[in-house]
Amino acid sequence: MQRKLLLEHIDVPGIQTYDVYRSKGGYASVEKALKTMTPDAVTEEVKKSGLRGRGGAGFPTGMKWSFLAKPEGVPRYLVCNADESEPGTFKDRYLMEHIPHLLLEGMITASFALGAHTSYIYVRGEFFYIIRILEKAIAEAYKNGWLGKNIQGSGFDHDIYVHPGAGAYICGEETALLESLEGKRGNPRIKPPFPAVKGLYDCPTVVNNVETIAAVVPIVNNGGEAYAAIGIGKSTGTKLISASGHIKKPGVYEIELGVPVEEFIYSDAFCGGILNDKKLKAVVAGGSSVPILPAELILKTANGEPRLMTYESLADGGFATGTMLGSGGFIVMDESASIVHNLYTFTRFYHHESCGQCSPCREGTGWMEKILHKILDGHGSSTDIDLLWDIQRKIEGNTICPLGDAAAWPVASAIRHFRHEFEAYVNHPKQQHVVSYYDHCHNLATAEV
Amino acid sequence: MSETETIKFSAETEALMKSIITRYPEGKHKSALLPLLHIAQADTDGWLSVPVMNRVAEILNIKPIEVYEVASFYSMFHLEPVGNCLIEVCRTSSCWLRGAYDIVQHIENRLGIKDGETTPDGKFSLRTVECLGSCGTAPMLQIGETYHENLTKEKVDALLEENKSRTTHSRYVDHTTFRTL
């Protein structure tokens with residue numbers, strides 16, 4: 001069963017509009033926080049809830065908030081990361097499109113806790129139609145006294161502005177996002193200092209994902225303990241999962257953390273099983289960056305326990321036999337999918353999106369793309385597989401930001417679990433219906449840095 | 001247009017730009033660079049020529065190089081002319097799994113151009129792009145602001161027909177996108 005906390009009213013006609021959203025109890029968390037709580041009490045509830053960052057890293061949100069420096073006379077900022085670009089992930093877009101006021105409500109409540117009087121929503125540039133929706137919702141919120149000066153007579157002032165990106169995955173990394181918001185190239189900053197101390201315009205800043213900020217609403221409404229009672233262990237609450245690939249019912253599902261992976265894939269309440277009833281081959285469970293797992297390891301851990309949709313269960317076995325919950329971008333592949341070709345699309349992606357600051361990532365992603373193209377084209381040798389392994393190992397951990405790791409992990413996991421497929425391409429190139437017409441046309445020139 | 005030419009946007013466009021600048025704190029107007037470049041690109045010929053970028057630099061009171069280095073970083077800013085209708089097809093994993101390459105091949109055959117090219121009459125440009133966050137509705141393509149999802153060859157044909165005689169270039173933003181302050 002789906003457990004709807006964020007998406008409770010998603011099917012109510014007109015929920016996109018202020019009037020309907022308000023009639024369903026919208027903005028209650030702002031009222032409660034501003035009129036009956038101190039900022040620290042709000043942060044305390046978020047800590048108690050066990051909420052972890054929903055963008056992919058899973059860092060405890062309450063802890064992130066408590067790191068925020070509060071020097072006198074210096075403004076603080078909340079920045080919402082709506083630069084959703086991790087392949088396989090489309091949940092933030094869904095939430096902003098269908099229930100935009102939930103994000104605004106969460107931002108006002110969170111800003112009150114943080115003492116931020118201005119916040120920005122950084123939306124990826126391709127989502128201009130979402131920006132249109134957000135701008136309309138913001139105008140409604142101002143008109144009804146939830147934004148601007150002296151919100152609902154509380155004395156708290158807050159302004160929200162939408163800021164468009166312009167097509168750069170790297171701006172989902174929080175310091176690159178801040179650079180971009182300052183009107184610069186999206187090159188990640190060296191940390192420390194962390195944004196909590198020196199963020200936007202060198203001021204203390206919290207950067208949170210859309211879904212994370214939305215989750216603040218039920219946490220404040222029902223209390224942190226009620227939120228923590230949902231889920232299993234340190235995986236508290238609900239999570240939006242973006243399901244795509246070879247499944248019968250792609251889409252966004254809100255799950256209580258702890259649903260078995262097998263149920264998520266095969267139940268009619270979720271993915272509805274594999275498209276055309278083919279066999280499951282592999283899953284990328286948390287967006288393109290996390291290790292790919294073969295069917296047997298995604299359904300059960302190496303110890304034979306049923307794998308659950310939690311941070312801990314998906315990570316069980318480390319990278320040898322496990323993966324990560326990541327952003328919740330759940331990509332399913334049936335028996336017909338080529339793992340090598342899928343990896344090629346990922347590696348080409350990371351090469352295209354590398355900002356170019358760090359040599360291992362800038363050069364390494366390009367080399368990996370070229371080698372994979374060569375293997376797919378039927379000209380690879382077994383030393384190329386070893387070379388791929390060697391390159392990914394030299395990228396991991398050697399870059400300023402996690403994009404390097406994100407580019408390395410898919411390569412490492414594909415070789416670890418599906419080496420036989422690489423070998424088949426290398427040893428029997430003619431037997432693989434490998435390179436499509438499209439890839440023949442799209443020659444290697446595009447892989448130049 | 002020569003690179004040293006000076007241009008101005010329409011009064012309406014410049015007013016919108018000024019309004020966008022007020023979203024950022026005093027002295028931090030450079031923050032408005034990305035939205036201003038989007039508006040500049042949409043309100044000129046669908047790409048950023050040097051004079052267009054120079055005017056944006058003037059409005060923000062920053063050096064032209066600060067605009068060029070940003071414009072060249074982000075894939076939505078076009079530094080060369082593009083067709084009146086720019087078709088951007090997602091090519092990453094989920095879209096690939098659900099047949100994006102067949103869609104690309106079909107468009108290539110219909111238009112007689114390859115990925116990255118523009119038709120000789122300047123009507124269409126075709127580009128494959130990285131994940132557009134539409135994985136659950138794959139395969140998909142974007143024209144201007146609009147996402148076209150769950151594509152079939154028939155849907156693509158209808159889109160090509162529809163856009164054949166468009167009079168304005170496909171744009172990501174217009175004057176109604178942003179709330180005016």
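Proteins get letters first, then strands, A, B, ... in listed order; numbering begins at 1 in each.
Among residues two or more places apart in sequence or in another chain, the salt bridge (charged side-chain N to carboxylate O under 4.0 Å, His left out) test is passed with A/E353 by none.
Counting only N and O atoms by type, the side chains of A/R93 and A/H98 include no donor and acceptor under 3.5 Å apart. A side-chain donor from one of A/D159 and A/Y142 sits under 3.5 Å from a side-chain acceptor of the other.
A/H163 and A/Y122 have parallel rings, their planes meeting at less than 30° on a 0 to 90° scale where 60° marks the start of perpendicular.
Scanning residues 151-175 of chain B against chain A with a 4.5 Å heavy-atom cutoff picks out B/Y172, B/V173, B/D174, ordered by number. Within residues 59-68 of chain B, no residue has any heavy atom closer than 4.5 Å to a heavy atom of chain A. Identified by a heavy-atom distance below 4.5 Å to chain A, the contributing residues of residues 28-40 of chain B are B/K28, B/K30, B/S31, B/L33, B/L34, B/P35, B/H38, in residue-number order.
Ionic pairing of A/R124 and A/E86 is not present here: no N-O contact between side-chain nitrogen and carboxylate oxygen is shorter than 4.0 angstrom. The pair A/K184-A/E179 counts as a salt bridge, with a side-chain nitrogen and a carboxylate oxygen less than 4.0 angstrom apart. A salt bridge does not link A/R132 with A/E135: every distance from a Lys NZ or Arg NE/NH1/NH2 to an Asp or Glu carboxylate oxygen is 4.0 Å or more.
Note on B/R98, B/Q142, B/E88, B/E130: by heavy-atom pairs under 4.5 Å with chain A, the leading option is B/E130.
With a 4.5 Å cut-off on non-hydrogen atoms, A/Y94 does not touch chain B at all. Contacts of B/E145 with chain A are made by both backbone and side-chain atoms, with heavy-atom separations under 4.5 Å. Interface remark: B/Y24 contributes backbone and side-chain atoms alike to the contact with chain A (heavy atom separation under 4.5 Å).
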